[in-house]
Amino acid sequence: MSTSKIVLGLLCCVVLSACSTAKQNEWFVNHNGNMPTEERIAKIKNGSSKDEVLQVLGAPSAMVSFDEKTWIYMSSDIKRVAFSKPEEINRDILRLRFNNEDKVVEIARLDKNDGKDIVPCQGKTEVKGENLGFFRKYFGGVGQYNPLAAQNQPGRM
């Protein structure tokens, strides 16, 4: 077998291996969030204080708006390809709940399968003053603008 055939065969193998989908799939995946490592999470036990949690895990990704005693650490992997709809591949959530003495009372791990779809309500609440009649809408400002009022004020030039 000639050397040129061997080189051509190796070149073909290199070119075809560059077409593998495993590497290409990684190009389109974005990692969001900052999940602490398993070793750090293992250091947190029930009874740990908020200060200990801050030192070991760092600041949480989010705090629940209506419950300041719940901290959330989260990360996710999202695949985005050109004009396709983004697809969440992986989600990892660590939820810590504290009691009134700021000690950990619950440690929960959640993933993509624990999520729930929420359907927003389409109802509307009317606000007084928003439904202006025809005349008030189009003629309500007539007579309220006085350009000469600013010239007659003392202290103005």
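On a predicted model such as this, the values are computed, not experimentally measured, just so you know.
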Does some side-chain heavy atom of W71 sit less than 4.5 Å from a side-chain heavy atom of L94? no
Between R95 and E106, does the salt bridge (charged side-chain N to carboxylate O under 4.0 Å, His left out) criterion hold? Intermediate values first, please. CA-CA 8 Å; R95 182 181 67 206; E106 181 188 354; 2.9 Å; yes
Report whether V64 and I107 are members of the same hydrophobic cluster (ILVMFWY, side-chain heavy atoms less than 4.5 Å apart, transitive linking). no
With a 4.5 Å heavy-atom cut-off, do I44 and I41 have their side chains touching? no
D102 bridged to K50 by N-O distance under 4.0 Å: yes
Looking at side-chain heavy atoms only, is the closest gap between V81 and K79 below 4.5 Å? yes
Tightest non-hydrogen contact, residues V105 and F98, listed as CG2-C, 4.1 Å
Rounded to the nearest 0.5 Å, what's the gap from OH on Y73 to CE on M35? Could you check? 10.0 Å
Say you draw a straight line from CG of N30 to CD of E88; how long is it, rounded to the nearest 0.5 Å? 12.5 Å
Quick one: which of L57, I72, T70 gives a side-chain contact (heavy atoms from CB on, under 4.5 Å) with L96? L57
Tell me, with the steps shown, if R80 and F28 meet side-chain contact (heavy atoms from CB on, under 4.5 Å). CA-CA 5 Å; R80 290 184 173 91; F28 301 110; 5.8 Å; no
Would you find a donor on one side and an acceptor on the other, under 3.5 Å apart, between the side chain of S61 and the backbone of M74? yes
Among all residues two or more places apart in sequence or in another chain, which pass the side-chain hydrogen bond (donor to acceptor under 3.5 Å, both in side chains) test with D92? R109
Please lay out, stage by stage, how I89 and I78 fare under the test side-chain contact (heavy atoms from CB on, under 4.5 Å). CA-CA 6 Å; I89 298 170; I78 299 177; over 6 Å; no
Could you check whether any side-chain N or O of E52 sits under 3.5 Å from a backbone N or O of S49, counting only pairs where one atom can act as donor and the other as acceptor? yes
Roughly how far, to the nearest 0.5 Å, is CG of D77 from NZ of K112? 10.5 Å
For the atom pair CG (N90) and OG (S75), what is the distance rounded to the nearest 0.5 Å? 6.5 Å
Which heavy-atom pair separates G47 from K103 by the least distance, and what is that distance? O-CD, 3.2 Å
Is the backbone of D111 close enough, under 3.5 Å, to the side chain of D114 for a donor and an acceptor to pair up by distance? yes
